[in-house]
Amino acid sequence: MFKRASAAAAAILFLAAGAAQADDVVRLGNLKFAHYGAISYMKEIAPKFGLKIDEKQFAKGADIYPAMAVDQIDISASGADGAVAARGNGVKLYVVAGFANGGVRILKRPDLDAVKTLKDVKGLKVATVRGGTQDLMLLAELDKHGMTWGERAGKDVQLIYFNNYADLNQALAQKYVDVICQSEPQSTQAISAGWGVEVVKPYDTPIGIPVRPLVMTEKMYNEKPKIAGRVLKLFVAATKAFIDDPALAEKYVRESVFKGQLSSQDFRDGMANASYTYDVPAGHMQTTTDYMMKYGLGKMVTPPKSDAEWVKTDLLDRAKAELKIK
């Protein structure tokens, strides 16, 4: 009896020790883009930080935030506009880092010889994905050139919205639309397939080069500060690995993210128009908010009033210091 009891007690202690040593699970919402690769890579090295990343991919950034609102996602990667819209509509989240920038192109059909710059798209059908960074960057470019737009005919530009990025390329290839504003690597794939020709990288407006924020729920940030801190250390480590070793970044994105459906050249061309990073430039989220309000994007109930309200980089700063990243 004693031996049996001792064996049972030992088993309980073993299970309890195993449970205590189990990695903390963090639920990640992510998108399938080349410049989102370091975010996906976090799950590969997460055990080194006592974490397990449970990644779920979404079709577009706007789809992630309803899941965050009901506590199904802890951290997410998306465009700045998606984070602004979510915060402005009551989702309790903070921007804690910036994981990538760039990654947008405006393309035309190859047969449109008369279109040399964006001012030449007047009278044409221009398409993008609704509610993405591309949407905001396109409108800012049209505004810069003094053009009007709408989803019905009668404006300088007729806008056509799609629900995903693959359909955007197909619409251009089939000449259903004349111009698209697209992400990477899909824009590079359109160029290499002969479906599109670059008109402009839309970075010459007051928004500048778009930054993609890493977002965390207020619940994780406030109630699980130790786990939150480890998440940021993991993020910094994964990003550093991709920056220091471009061959690793290419191999992982092509093989693990795109499952062999992205060529080496398309990856490299796509990342020539984007970069992995850590930071959110001061004021960038507020500028994004201001232009979203100007164009009526996001339909926000209470737009964020300032970056100080919801951009929290203290965990990032600490993680960079501990890992000796400038």
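A pairwise comparison of heavy atoms in R212 and S183 identifies NH2-OG, 4.3 Å as the closest pair. Smallest separation of non-hydrogen atoms from T133 and A80: OG1-N, 4.1 Å. Nearest heavy atom pair, residue K32 against residue Q186, reads O-NE2, 3.8 Å.
Remark: L214 CG to T313 OG1 distance equals 12.5 Å, nearest 0.5 Å. Here the straight-line distance linking atom CE of M220 with atom CE of M68 works out to 9.0 Å at 0.5 Å rounding. The distance from the NZ atom of K305 to the CD atom of Q286 is 11.0 Å, given to the nearest 0.5 Å.
D135 and Y161 are linked by a side-chain donor-acceptor pair at a separation below 3.5 angstrom, with hydrogens and angles left out of the test. Of the N and O atoms on the side chains of D74 and Y221, not one donor lies less than 3.5 Å from an acceptor on the other residue. A donor atom on one side chain and an acceptor atom on the other are found under 3.5 Å apart for Q134 and Y165. For the residue pair E184 and S187, a side-chain donor N or O sits within less than 3.5 Å of a side-chain acceptor on the partner. Under 3.5 Å, the side chains of D81 and T288 contain no donor-acceptor pair of N or O atoms. A side-chain N or O of N169 and one of Q182 form a donor-acceptor pair less than 3.5 Å apart. Between the side chains of Y65 and S78, at least one donor N or O lies within less than 3.5 Å of an accepting N or O.
Checking side-chain atoms of D245 against main-chain N and O of A247 turns up a donor-acceptor pair under 3.5 Å. Judged by distance alone, the side chain of T239 and the main-chain N or O of V236 form no donor-acceptor pair under 3.5 Å. Without hydrogens or angle criteria, T148 side chain to K155 main chain gives no donor-acceptor distance under 3.5 Å. Remark: side-chain polar atoms of K259 are paired, donor with acceptor, to backbone N or O of S256 under 3.5 angstrom. Judged by distance alone, with hydrogens and angles left aside, the side-chain atoms of K224 form no donor-acceptor pair with the main-chain N or O of A228 at under 3.5 Å. H284 contributes a side-chain N or O that, together with a main-chain N or O of V211, makes up a donor-acceptor pair within less than 3.5 Å. Judged by distance alone, the side chain of D307 and the main-chain N or O of G283 form a donor-acceptor pair under 3.5 Å. Side-chain atoms of R27 come within 3.5 Å of backbone atoms of D71 as a donor-acceptor pair (strictly under, hydrogens ignored).
Residues R105 and T188 are in side-chain contact: their nearest non-hydrogen atoms beyond the backbone lie under 4.5 Å apart. Between S264 and R254, the closest side-chain pair of non-hydrogen atoms falls below 4.5 Å. L323 has its side chain out of reach of K240: every pair of non-hydrogen atoms, C-beta onward, lies at least 4.5 Å apart. V257 is listed as a side-chain neighbour of Y252, based on a closest heavy-atom distance under 4.5 Å. For the pair D143 and W149, the minimum side-chain heavy-atom distance is below 4.5 Å. Annotation: side chain of K320 is not in contact with side chain of K326 (no heavy-atom distance under 4.5 Å). With contacts defined as side-chain heavy-atom distances shorter than 4.5 Å, the pair V157/L124 does not qualify. Residues M300 and M292 form a side-chain contact, since some pair of their non-hydrogen atoms from C-beta on lies under 4.5 Å apart.
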Would you check, one step at a time, whether the test salt bridge (Lys or Arg N to Asp or Glu O under 4.0 Å) holds for K251 with E255?
CA-CA 6 Å; K251 179 179 175 63; E255 296 181 4; 3.0 Å; yes

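Between D178 and R109 there is a salt bridge, since a side-chain N of the basic residue sits under 4.0 Å from a carboxylate O of the acidic one. A salt bridge does not link D120 to K116: none of the charged side-chain nitrogens sits closer than 4.0 Å to a carboxylate oxygen. Salt-bridge formation is detected for the pair R230/D24: a Lys NZ or Arg NE/NH1/NH2 atom is positioned less than 4.0 Å from an Asp or Glu carboxylate oxygen. Salt-bridge check for E151 with R130: passed, with a basic side-chain N closer than 4.0 Å to an acidic carboxylate O. Remark: E218 does not engage K312 in a salt bridge, criterion side-chain N to carboxylate O under 4.0 Å.
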Enumerate donor-acceptor pairs with a distance under 3.5 Å from any side-chain N or O in residues 47-64 to protein atoms, sequence neighbours excluded.
unit_1: E55; atom_1: OE1; unit_2: K43; atom_2: NZ; d: 2.5
unit_1: E55; atom_1: OE2; unit_2: N30; atom_2: ND2; d: 2.9
unit_1: E55; atom_1: OE2; unit_2: S40; atom_2: OG; d: 2.7

Run the side-chain donor-acceptor check on residues 89-103: report pairs under 3.5 Å with partners two or more places apart or on a different chain.
unit_1: N89; atom_1: OD1; unit_2: V301; atom_2: N; d: 3.1
unit_1: N89; atom_1: ND2; unit_2: A85; atom_2: O; d: 2.9
unit_1: N89; atom_1: ND2; unit_2: G298; atom_2: O; d: 3.1
unit_1: N101; atom_1: OD1; unit_2: S275; atom_2: OG; d: 2.5

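Between F242 and Y41, the angle of the ring planes lies from 30° to 60°, which puts this pair in the tilted group.
Applying the salt bridge (charged side-chain N to carboxylate O under 4.0 Å, His left out) rule to D269 yields no partners; only residues at least two apart in sequence or on another chain are considered.
The one candidate from L139, L138, I106 that meets the side chain to side chain contact (heavy atoms under 4.5 Å, CB included) condition with T128 is L138.
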